[in-house]
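I have placed the structure first, in the form of structure tokens, so that the comments after it can refer back to it.
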Amino acid sequence: MQGQLKVYNTLTRQKEHFLPLNPPLVGMYLCGPTVYGKAHLGHARSAINFDTIFRYLKHLGYQVRYVRNITDVGHLERDADEGIDKIAQQARLESLEPMEVVQRYTNSYHQDMDLLNVQPPSIEPSASGHIPEQITMIQQIIKAGLGYEAHGSVYFDVEAYNKAHHYGKLSGRIVEDLLADTRPLSGQQEKHNPLDFALWKKATPGHLMRWPSPWGEGFPGWHIECSAISTKYLGQPFDIHGGGIDLLFPHHECELAQAQAASHAELAKYWFHNNLITIRGQKMGKSLGNAITLEQLFKGRHPLLDQAYSPMTLRFFVLQAHYRSTISFSNEALQAARNGYLKLMNGLKVLTELPVPKDSGAGMDQDMAAQIKHSCNRCYEAMNDDFNTAQMIAMLFNLLKSINALRNGQLSPYLLGSTVFENLKNTYATFVQDILGLRQESSVSATALIDILLGLYSQAKVQKQYDQVDAIRAQLQELGIALQDTPMGVHWCYT
RNA sequence: GGUCGCGUGGCCGAGUGGUUAGGCAAAGGUCUGCAAAACCUUCUACGGUGGUUCGAACCCACUCGCGACCUCCA
């Protein structure tokens, strides 16, 4: 539809035509959140960027199975010898069961995603629910001679793997360079090589999250869940693997190597990476302590925030930049995003109120019609060029000028003809709502509106304008609202 | 240190060898009982130096500044 989609593939470092392995089916995997804390702006960016990609692929007619995992086990907090995973750590602080922490933050994540109008993925598997699959994959890797056990833990043998494959081909690393630069970390004496990474970790006695395995009680390594889960639901290879650019190395590199080692096949055909949100020139990240959670943003409760910003403001803010560029966070930028978002939404409202012109046949403004048609097409061209939402939004603002001109009577719909008008209407509405995923955030409450009417009602009554009094009462009655004059004033109730 | 990326007007941010990106903010105008919105106009920038070219913000070299990954990270 509307030209051909080109996407930037991190694996090949260039834009390529998007050719799914089994069209019209598309398999897409995204590294989801680790649920040991509230989601922050970075989580939102990734989710919004890939949500938009998901929406656009569906719009193009693809049948997309979108898998986004929930990481609820096993990531080491710091050094391997501590053997404490993040979730267990947090659980102790809060005196909660680990799975209670997982549930709480999973719920919180889902709430945030709903507010951001991020569509739920097709499948949202948890790591803890796929321990057997992970163990099986580890066994395959061992069988292939690319993993080894040491004292109840299992490691991936990077050197052996690199003999037949290229460890580092995704992130552009060279094993020799990596080796030349490895820092000695404590607790790595079990490894044959500093580059080797854990597939399975033996649980220390105090470790809360643990599962039985052929190597004793333990928990899966950091990377194995994604390899096991993605291939389970999407096959191998599948079409698209996504995630934040900070996951590129080592996480995605390891995922790729594990899958390759276990099944002698590529993990994914296309790798997409969204860039980061920066603040004061620096990456916003949990470990840097400069992350703003979504809750803080929506409530305006953070020292860096001048005010609260709504979910749709954030969504627009994110999508006004290309997904592979960094975005600078600032109050000024958020404020600008809010105003831009409102302008776009008001255009949608205007559009629904405009009458569809009948074709008069004569008097069409060919130039104007051509211009609108051109802008409509360019919305598709922008999205087809590696999901360039920034450029697409610019086109929508161009269309918006015409839409507002139509409303003001500065431009007559008859000059456009019904075909162009319908094209304008459909394109604008489709891109704003279905693809950008923007929706109205109306804060107007019905009771507040009724109160205003009650004021006018009372005033009219005092002035003995009974026609108006009766009219207000009758019209509210039609809406199921009855007015009642009492000695205490005017009340209303549902009827 | 290794690898990679970025530096665009007051702010955010596309783009890329010759054509207005767009939004926000600001100024002027049209409209208007007031206000707002909308529309029109203005502000025409690409870190620095040198080179290639008829022509570079876009290519090349050097240089300055910033950042990301290499450890958990969206």
Side-chain angles (χ1 to χ4, degrees), chain A residues 10 13 30-34 36-37 39-50 68 71 75-80 85-86 89 109 168 171-174 176-183 185 188 194-195 197 222 242-253 273-278 280-288 291 316-344 346-347 350 375 378 382 385 388-411:
Chain A
T10 308
R13 290 166 190 255
L30 177 68
C31 291
T34 304
Y36 68 101
H40 58 77
L41 260 42
H43 295 102
R45 180 171 195 192
S46 193
I48 290 167
N49 282 151
F50 282 94
R68 188 185 65 203
T71 297
H75 288 191
L76 298 180
E77 179 69 271
R78 288 193 195 289
D79 292 351
D85 78 36
K86 282 185 169 173
Q89 177 102 326
Y109 183 74
S171 57
R173 313 280 153 146
I174 297 157
E176 288 70 35
D177 290 350
L178 291 169
L179 277 170
D181 199 45
T182 45
R183 287 176 276 180
L185 292 172
Q188 298 202 329
L195 293 185
F197 54 90
W222 175 31
I245 200 166
D246 50 348
L247 294 177
L248 180 55
F249 189 87
H251 185 55
H252 290 163
E253 195 70 63
H273 289 95
N274 67 276
N275 217 314
L276 310 175
I277 292 180
T278 60
R280 293 172 174 167
Q282 256 202 326
K283 166 187 170 178
M284 181 183 283
K286 191 166 243 175
S287 51
L288 293 169
F316 183 86
F317 173 71
V318 165
L319 293 174
Q320 221 186 1
H322 184 76
Y323 77 94
R324 284 193 290 117
S325 301
T326 53
I327 318 178
S328 305
F329 169 90
S330 70
N331 280 282
E332 225 178 338
L334 262 292
Q335 190 59 55
R338 183 193 129 78
N339 291 338
Y341 156 71
L342 290 174
K343 199 168 160 180
L344 217 48
N346 282 329
V350 167
S375 290
R378 284 197 58 187
D385 185 10
N388 196 329
T389 52
Q391 218 162 48
M392 182 260 274
I393 287 173
M395 286 308 126
L396 291 179
F397 277 110
N398 285 345
L399 290 175
L400 182 58
K401 280 193 207 296
S402 304
I403 291 167
N404 283 324
L406 285 167
R407 185 199 65 173
N408 287 354
Q410 292 159 317
L411 177 64

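All chains are named by letter (A, B, ...) in the order of the sequence lines, taking the proteins before the strands, and each is independently numbered beginning at 1.
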Between [N] and [M], how many Å separate the two [atom1] atoms, rounded to a whole number?
N: B:U20; M: B:U32; atom1: P; result: 33 Å
N: B:C43; M: B:G10; atom1: P; result: 14 Å
N: B:U49; M: B:C70; atom1: C1'; result: 33 Å
N: B:U44; M: B:G9; atom1: P; result: 13 Å
N: B:U52; M: B:C59; atom1: C1'; result: 8 Å
N: B:C69; M: B:C12; atom1: C1'; result: 26 Å
N: B:U42; M: B:A25; atom1: C1'; result: 14 Å
N: B:G13; M: B:C6; atom1: C1'; result: 14 Å

Among [options], which nucleotide sits nearest the side chain of [X]?
X: A:Gln391; options: B:G22, B:G15, B:U3; answer: B:G15
X: A:Arg45; options: B:A74, B:C70, B:A21; answer: B:A74
X: A:Asp177; options: B:U3, B:A74, B:C69; answer: B:U3
X: A:Ser46; options: B:G23, B:A74, B:A38; answer: B:A74
X: A:Pro250; options: B:C39, B:C70, B:A14; answer: B:C70
X: A:Phe249; options: B:C69, B:A14, B:C40; answer: B:C69
X: A:Arg13; options: B:C4, B:G2, B:A38; answer: B:C4
X: A:Ala390; options: B:A14, B:C12, B:A38; answer: B:A14
X: A:Lys343; options: B:A21, B:G23, B:A74; answer: B:G23

Requested in this report: Find which nucleotide of RNA chain B each of A:Ser325 and A:Gln282 is nearest to by heavy atoms, and output the residue with the more 5' nucleotide.
Outcome: A:Ser325

Query raised in the report: Given that A:Ser330 and A:Ile245 both sit by RNA chain B, which one's nearest nucleotide is further toward the 5' end?
Result: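 Final value for this comparison: A:Ser330.
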
Strand partner of [N], provided both Watson-Crick or wobble distances fall under 3.5 Å:
N: B:G7; value: B:C64
N: B:C39; value: B:G29
N: B:C46; value: none
N: B:A56; value: none
N: B:C69; value: B:G2

Query raised in the report: Could you state the interatomic distance from NZ (A:Lys343) to CG (A:Asn346), rounded to the nearest 0.5 Å?
Result: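 These two atoms lie 10.5 Å from each other.
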
Query - Straight-line distance of A:Glu253 CD to A:Leu248 CG, nearest 0.5 Å - result: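 CG of A:Leu248 is found 7.0 Å from CD of A:Glu253.
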
For the pair made of [atom1] in [X] and [atom2] in [N], what is the distance, rounded to whole Å?
X: A:Phe329; N: B:C24; atom1: CZ; atom2: P; result: 19 Å
X: A:His273; N: B:C6; atom1: NE2; atom2: C1'; result: 18 Å
X: A:Glu253; N: B:U71; atom1: CD; atom2: P; result: 13 Å
X: A:Phe316; N: B:A14; atom1: CZ; atom2: C1'; result: 13 Å
X: A:Phe397; N: B:G23; atom1: CZ; atom2: C1'; result: 5 Å
X: A:Met284; N: B:C12; atom1: CE; atom2: P; result: 14 Å
X: A:Asn388; N: B:A21; atom1: CG; atom2: P; result: 15 Å
X: A:Arg280; N: B:C11; atom1: CZ; atom2: P; result: 16 Å

Would the distance check show the side chain of [X] and the main-chain N or O of [Y] forming a donor-acceptor pair, the cut-off being under 3.5 Å?
X: A:Thr278; Y: A:Gly281; result: no
X: A:Asn275; Y: A:Arg324; result: yes
X: A:Asn388; Y: A:Gln391; result: yes

Query raised in the report: Between A:Asn274 and A:Ser46, do the side chains contain an N or O donor and an N or O acceptor separated by less than 3.5 Å?
Result: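 Side chains of A:Asn274 and A:Ser46: pair found under 3.5 Å.
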
Query raised in the report: Got more than 12 heavy atoms from elsewhere within 6.0 Å of CZ, A:Arg338?
Result: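 It does not: A:Arg338 CZ has 12 such atoms or fewer within range.
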
Query raised in the report: With a distance cut-off below 6.0 Å to the six-membered ring centre and an angular limit of 45° from the axis, does A:Arg173 pair with A:Phe249 as a cation-pi contact?
Result: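 Yes, A:Arg173 lies over the aromatic ring of A:Phe249.
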
What is the nucleic acid contact for [X], judged by heavy atoms within less than 4.0 Å: base, sugar-phosphate only, or nothing?
X: A:Gly244; result: sugar-phosphate
X: A:Leu248; result: nothing
X: A:Ile174; result: nothing
X: A:Asn275; result: base
X: A:Met395; result: nothing
X: A:Asn398; result: sugar-phosphate
X: A:Ile277; result: base
X: A:Ala333; result: sugar-phosphate

Are any of [X]'s side-chain N or O atoms less than 4.0 Å away from OP1 or OP2 of [N]?
X: A:Asn339; N: B:G23; value: no
X: A:Lys283; N: B:C6; value: no
X: A:Asn404; N: B:C39; value: yes
X: A:Lys286; N: B:C72; value: no
X: A:Ser328; N: B:G13; value: yes

Query raised in the report: In terms of ring plane angle, is the pair A:Phe397 and A:Phe316 parallel, tilted or perpendicular, where the classes change at 30° and 60°?
Result: perpendicular

